[in-house]
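Report on the following structure.
Numbers restart at 1 for each chain; the letters A, B, ... are given by sequence-line order, proteins then strands. Since we're looking at a predicted model, the values are computed, not measured.
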Amino acid sequence: MLDLKFVRDHPALVRKALIGRGQSPAALDGFEELDLKRRSLLRTVEELKAERNTASEKVASLKKSGQDAEELIVQNRELTQKIKLIDPEVAQVEEEQSRLLSNIPNIYDQSVPEGDESHNKEIRVWGEKPEFSFEPKNHYELGEALGLMDFQRASKISGSRFAVLYGDLSRLNRALINFMLDLHTGGHGYGEVWPPALINSKAMFGTGQLPKFAEDSFKIENYDLWLAPTAEVPLTNLFKDEILEVADLPILVTAYTPCFRAEAGSAGKDTRGLIRMHQFDKVELVKITLPEDSMEELESLTLNAETVLQKLNLPYRVVLLSSGDMGFSSAKTYDLEVFLPGPGVYREISSCSCFTDFQARRANIRFRRQKGAKLEFAHTLNGSGLAVGRTMVAILENYQNPDGSITIPEVLRPYLGFQTHIRSQN
RNA sequence: GGAAGGGUGGCCGAGUGGUUUAAGGCACCGGUCUUGAAAACCGGCAAUGGGUAACCAUUCAUGGGUUCGAAUCCCAUCCCUUCCGCCA
């Protein structure tokens with residue numbers, strides 16, 4: 001959420017941000033009018049309240065000295081009637097204004113290229129694309145041929161966009177989670193967290209999933225709970241309504257969680273394979289930082305995620321998203337795209353974003369530089385480190401052999417009893 | 001799910017209708033004292049909104065209600081603790 005005063009003082013900037021994101025600036029319509037209305041109503045009602053408060057004190061002192069206060073009491077009764085008419089009006093205008101405000105996206109950083117996704121900017125490319133003496137297969141062809149990846153049975157249990165993994169692929173999934181967590185908690189200095197997977201509406205609002213993107217998540221019937229679409233939500237909201245010690249910043253946390261997404265609006269996209277699931281595993285990185293450090297911290301967070309790909313020796317590129325392709329809450333986003341030999345394309349495997357104070361204002365995450373100093377909003381960042389399912393996809397496709405077996409990347413072997421290959425069970 | 005107790009500022013905690021403009025303590029900041037520090041003493045110290053400002057309003061879990069006036073009384077909801085029940 002943007003600061004109300006910021007929107008009031010810089011309507012042109014907010015307008016530009018909306019247009020740059022390919023949205024209609026109509027989202028701002030009525031803001032100024034509402035703001036003026038709210039302030040004028042507030043002045044009126046606050047004056048009445050002040051009058052009533054003074055009179056009430058007089059009643060108290062009159063009664064104490066045994067004098068008659070009936071006249072004042074009658075007068076005050078009338079004041080209260082007036083106040084009761086205006087108060088709901090104030091509440092209504094405030095609600096309208098905050099609804100409008102909570103639907104306005106973050107202002108994006110100056111370094112973000114303007115335009116739609118065709119303006120995304122390739123920042124760097126890492127690794128060599130593998131050379132094959134044969135036609136490389138897609139991961140689902142490989143997985144199904146190995147007899148270790150099953151979409152048919154998954155559809156019996158749950159439906160489309162779910163998968164069942166067996167044996168060595170299930171183990172590979174576990175190995176990847178442990179490898180990623182060990183890497184980030186070891187060398188990269190993140191604290192490991194095991195958070196809830198069911199999240200209440202307030203927390204979903206805090207990171208920006210609500211109110212605008214309710215249809216992207218699964219809601220639990222009869223409860224004010226949602227299936228977490230990403231560990232960004234529980235990890236960032238760990239610090240909701242807290243005043244942080246400046247000495248503790250930056251705070252770095254990581255968690256493995258299952259993630260659940262409704263994938264509404266992506267009908268027909270990536271219908272085969274593990275790419276776009278209703279349920280997938282992800283190791284998430286979250287940072288809470290000082291405002292002046294956040295953009296630098298985004299660079300190091302992105303490198304932390306890249307390290308996973310480098311250790312797995314998977315070719316990838318880093319893309320700086322354009323203003324039109326970025327998420328609602330983000331001020332700047334790098335996507336990591338891993339190369340997939342099957343379709344022969346780069347696919348998103350991590351998204352690393354700096355949210356400046358946008359989430360912190362919604363979630364009320366603050367800090368104080370010194371005792372007595374004003375409270376300030378912290379900056380929040382997050383990135384996938386990495387999406388586990390898509391990492392498995394990348395390994396299957398990049399490490400495939402002519403016989404359909406998969407070579408296990410060196411760094412994962414300690415997690416798999418030093419096994420070197422995944423082979424067909426038949 | 002049942003019963004009981006509770007939710008007050010950064011933290012602890014007093015407070016059952018009118019100097020509560022939220023006592024007191026801790027922590028923190030400034031000062032006195034000291035070679036320096038500690039201790040002691042003095043002073044300061046909530047957030048949000050409105051206002052050029054003086055200042056005003058709101059906030060004691062949340063939402064309603066009673067009243068001239070609510071942290072305090074009433075109703076509903078949420079959360080926490082303890083005990084019981086159920087249970088991986």
Side-chain angles (χ1 to χ4, degrees), chain A residues 1-9 31-102 194-206 210-211 219-220 222-226 234 237-249 251 258 288 357 360-378:
Chain A
M1 189 150 60
L2 295 177
D3 179 36
L4 190 136
K5 281 181 187 149
F6 179 87
V7 178
R8 181 190 303 159
D9 296 340
F31 178 86
E32 197 186 339
E33 196 185 326
L34 274 174
D35 197 45
L36 288 171
K37 191 172 174 194
R38 180 180 63 89
R39 285 191 286 166
S40 110
L41 281 171
L42 265 181
R43 286 179 73 159
T44 310
V45 80
E46 282 180 5
E47 254 171 55
L48 291 173
K49 283 181 180 174
E51 208 179 317
R52 181 179 67 180
N53 288 346
T54 322
S56 283
E57 276 166 43
K58 263 185 211 157
V59 172
S61 61
L62 282 175
K63 286 208 167 185
K64 219 168 200 179
S65 61
Q67 289 176 270
D68 178 51
E70 194 51 37
E71 199 183 326
L72 269 179
I73 288 175
V74 170
Q75 218 176 66
N76 249 10
R77 200 173 284 149
E78 282 166 21
L79 275 176
T80 297
Q81 291 308 314
K82 281 190 201 166
I83 289 166
K84 278 188 176 170
L85 284 178
I86 305 173
D87 259 343
E89 220 180 318
V90 174
Q92 197 208 324
V93 171
E94 274 179 350
E95 200 194 309
E96 231 174 290
Q97 193 177 26
S98 88
R99 187 177 342 120
L100 203 150
L101 202 60
S102 61
W194 184 86
L198 268 57
I199 311 288
N200 66 32
S201 295
K202 279 185 185 172
M204 290 283 280
F205 178 85
L210 292 181
K219 176 78 168 49
I220 307 292
N222 298 332
Y223 293 87
D224 178 31
L225 290 169
W226 304 71
N237 282 291
L238 281 178
F239 309 101
K240 182 173 165 56
D241 294 322
E242 290 195 15
I243 294 172
L244 303 169
E245 293 295 328
V246 75
D248 294 338
L249 299 177
I251 295 171
I288 316 287
D357 60 0
R361 187 172 292 108
R362 292 168 87 100
N364 197 28
I365 302 170
R366 298 176 295 176
F367 72 98
R368 220 190 279 277
R369 287 182 195 271
Q370 286 122 26
K371 294 284 175 181
K374 276 222 146 219
L375 288 168
E376 296 177 56
F377 289 111

Have a look at A/Lys5 and say if it touches a base, only the backbone sugar-phosphate, or nothing, with a 4.0 Å heavy-atom cut-off.
-> sugar-phosphate
Does a distance-only test, which skips hydrogens and angles, find a donor-acceptor pair under 3.5 Å between the side chain of A/Glu46 and the base of B/G51?
-> no
Report yes if at least one side-chain N or O of A/Asn364 is closer than 4.0 Å to OP1 or OP2 of B/A47; otherwise report no.
-> no
CG of A/Leu41 to CG of A/Leu36, rounded to nearest 0.5 Å, is 11.0 Å
How far does the P atom of B/A71 sit from the matching atom of B/U66, given to the nearest Å?
-> 16 Å
A/Lys84 near the nucleic acid: base, sugar-phosphate alone, or nothing, with a heavy-atom cut-off under 4.0 Å?
-> sugar-phosphate
What does A/Ile243 touch in the nucleic acid at a heavy-atom separation under 4.0 angstrom: a base, only the sugar-phosphate, or nothing?
-> sugar-phosphate
Select from A/Leu72 and A/Asp35 the residue whose nearest nucleotide in RNA chain B is closer to the 5' end of that strand.
-> A/Asp35
Please state whether the phosphate of B/G51, meaning OP1 or OP2, lies under 4.0 angstrom from any side-chain nitrogen or oxygen of A/Arg39.
-> yes
Counting any heavy atom closer than 4.0 Å, what does A/Arg361 reach on the DNA or RNA strands: base, sugar-phosphate only, or nothing?
-> nothing
A/Asp241-A/Asn364 side chain donor-acceptor pair, cut-off 3.5 Å = yes
Which part of the nucleic acid, if any, lies within reach of A/Ala55 when heavy atoms closer than 4.0 Å are counted: base, sugar-phosphate only, or nothing?
-> nothing
With a 4.0 Å cut-off on heavy atoms, is A/Leu375 in touch with a base, just the backbone sugar-phosphate, or nothing at all?
-> sugar-phosphate
Nucleotide pairing, RNA chain B (Watson-Crick or G-U, distances under 3.5 Å), in dot-bracket with [ ] and | | ((((((((.[[[..)..(.....]]].(((((.......))))).(((((....))))).[[[[[..)....]]]]])))))))....
Which part of the nucleic acid, if any, lies within contact of A/Asp224, taking any heavy atom under 4.0 Å across all strands shown: a base, the sugar-phosphate backbone alone, or nothing?
-> nothing
Select base, sugar-phosphate, or nothing to describe what A/Thr80 touches, counting heavy atoms under 4.0 Å on all strands.
-> sugar-phosphate
For the pair A/Arg361 (side chain) and A/Met1 (backbone), establish whether a donor and an acceptor sit closer than 3.5 Å, ignoring hydrogens and angles.
-> yes
Separation between the C1' atoms of B/U21 and B/U59, rounded to whole Å | 14 Å
